[in-house]
Amino acid sequence: QVQLVESGGGLVQAGDSLRLSCTASGRTFSTYAMAWFRQAPGKEREFVAAISLSGASAVYADSVQGRFTISRDNAKNTVYLQMNSLKPEDTAVYYCAADFVARRSNDYAYWGQGTQVTVSS
């Protein structure tokens, strides 16, 4: 069992940067692959990025490749999502997720409550 709490969301302008954090408690953080998903109003939840247990490898959605960076600090039980060059279409509730294998599918075992990111034009 692991509990996830996201933070760092907010209202920014197009072109700005924002860093989201997700802190885990419970079972050993380093045994979980981590991911970020997002859900815009009226849309399905979509994959954003995922990172392996060690942080050595990461994958990204095409829509954020080159603008977003996922990273993790296993000593702090935290995964980050650095978001640069934000666009209005990045507006969504962002969720972190944890499971034993990193993947793009929306079936992770554990989820946070989400943090709102709003990008104004």
Side-chain angles (χ1 to χ4, degrees):
Q1 189 84 8
V2 63
Q3 293 79 42
L4 304 172
V5 179
E6 302 97 333
S7 61
L11 172 63
V12 297
Q13 293 187 332
D16 285 352
S17 297
L18 205 58
R19 189 177 80 159
L20 305 182
S21 299
C22 173
T23 300
S25 60
R27 283 192 58 176
T28 306
F29 179 70
S30 60
T31 65
Y32 289 97
M34 301 297 296
W36 288 94
F37 288 77
R38 66 186 182 186
Q39 187 167 20
K43 295 189 176 181
E44 298 281 325
R45 188 173 298 187
E46 65 173 0
F47 171 78
V48 175
I51 190 167
S52 62
L53 277 67
S54 67
S57 62
V59 292
Y60 297 91
D62 290 344
S63 58
V64 306
Q65 181 77 48
R67 298 189 298 123
F68 291 11
T69 302
I70 188 171
S71 62
R72 66 189 296 162
D73 185 337
N74 286 347
K76 295 183 178 180
N77 289 358
T78 301
V79 62
Y80 304 97
L81 186 68
Q82 177 66 43
M83 305 185 293
N84 299 330
S85 303
L86 282 161
K87 305 175 181 179
E89 51 263 44
D90 294 318
T91 295
V93 177
Y94 283 71
Y95 299 89
C96 72
D99 211 328
F100 295 115
V101 178
R103 57 194 182 276
R104 298 173 182 264
S105 58
N106 187 15
D107 58 354
Y108 279 64
Y110 303 104
W111 292 85
Q113 82 290 347
T115 185
Q116 176 71 46
V117 172
T118 304
V119 184
S120 63
S121 57

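When reading the values below, keep in mind they use all heavy atoms of this one structure, side chains included, and skip hydrogens, waters and symmetry mates. Small disclaimer: the values here were computed from a predicted structure and weren't measured.
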inquiry  = Met83 vs Leu20, test: side-chain contact (heavy atoms from CB on, under 4.5 Å). Steps then yes/no.
reply    = CA-CA 8 Å; Met83 305 185 293; Leu20 305 182; 3.7 Å; yes
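- Under the 4.5 Å side-chain heavy-atom criterion for Ile, Leu, Val, Met, Phe, Trp and Tyr, Val2 and Val79 are members of the same hydrophobic cluster.
- When all heavy atoms are compared, the tightest approach of Ala33 to Leu53 is N-CD1, 3.6 Å.
- Between Gln39 and Tyr95 there is a side-chain heavy-atom pair separated by less than 4.5 Å.
- In this structure, Gln113 contributes its side chain and Val5 its backbone to no donor-acceptor pair below 3.5 Å.
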Under 3.5 Å, which donor-acceptor pairs link side chains of residues 8-19 to any protein atom two or more places apart or in another chain?
from  : atom 1 : to    : atom 2 : distance (Å)
Asp16 : OD2    : Gln13 : N      : 3.1
Ser17 : OG     : Asn84 : OD1    : 2.9

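- Side chain of Arg38 to main chain of Val117: no donor-acceptor pair is present (N/O by atom type, distance under 3.5 Å, no hydrogens or angles).
- Residue pairs meeting the ring-ring contact (aromatic ring centres under 6.0 Å, His included) criterion with at least one partner in residues 32-62, sequence neighbours excluded, are Tyr32-Phe100, Tyr32-Tyr110, Phe37-Phe47, Phe37-Tyr108, Phe37-Trp111.
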ask   = What's the verdict on side-chain contact (heavy atoms from CB on, under 4.5 Å) for Thr91 and Gln116, showing C-alpha distance, side-chain angles and the deciding distance?
value = CA-CA 8 Å; Thr91 295; Gln116 176 71 46; 4.0 Å; yes
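- Apart from Tyr80 itself, the hydrophobic cluster it occupies contains nothing, where clustering links Ile, Leu, Val, Met, Phe, Trp and Tyr at side-chain heavy-atom distances under 4.5 Å.
- For the atom pair Asp90 CG and Arg67 CZ, the distance stands at 4.0 Å (nearest 0.5 Å).
- Ser52 places a side-chain N or O within donor-acceptor distance of the main-chain N or O of Ser57, the cut-off being under 3.5 Å.
- Looking at Asp99, its side chain never comes within 3.5 Å of a backbone N or O of Val101 through a donor-acceptor pair.
- Shortest non-hydrogen contact noted between Met34 and Ala98 is SD-CB, 3.5 Å.
- With sequence neighbours excluded, the residues that form a side-chain hydrogen bond (donor to acceptor under 3.5 Å, both in side chains) with Asp107 are Arg103, Ser105.
- Here the shortest heavy-atom pairing between Arg72 and Ser54 reads CD-C, 4.3 Å.
- Residues satisfying the side-chain hydrogen bond (donor to acceptor under 3.5 Å, both in side chains) criterion with Thr78, sequence neighbours excluded, are Thr23.
- Nearest approach of Asp73 to Phe29, heavy atoms of both residues: O-CE2, 4.1 Å.
- Screening residues 32-74 for disulfide (SG to SG under 2.5 Å), with sequence neighbours left out, gives no hits.
- Using a distance-only test at 3.5 Å, with no hydrogens or angles considered, no donor-acceptor pair links the side chain of Gln82 to the main chain of Thr69.
- Residues Lys76 and Ser21 fail the side-chain proximity criterion, which asks for heavy atoms closer than 4.5 Å.
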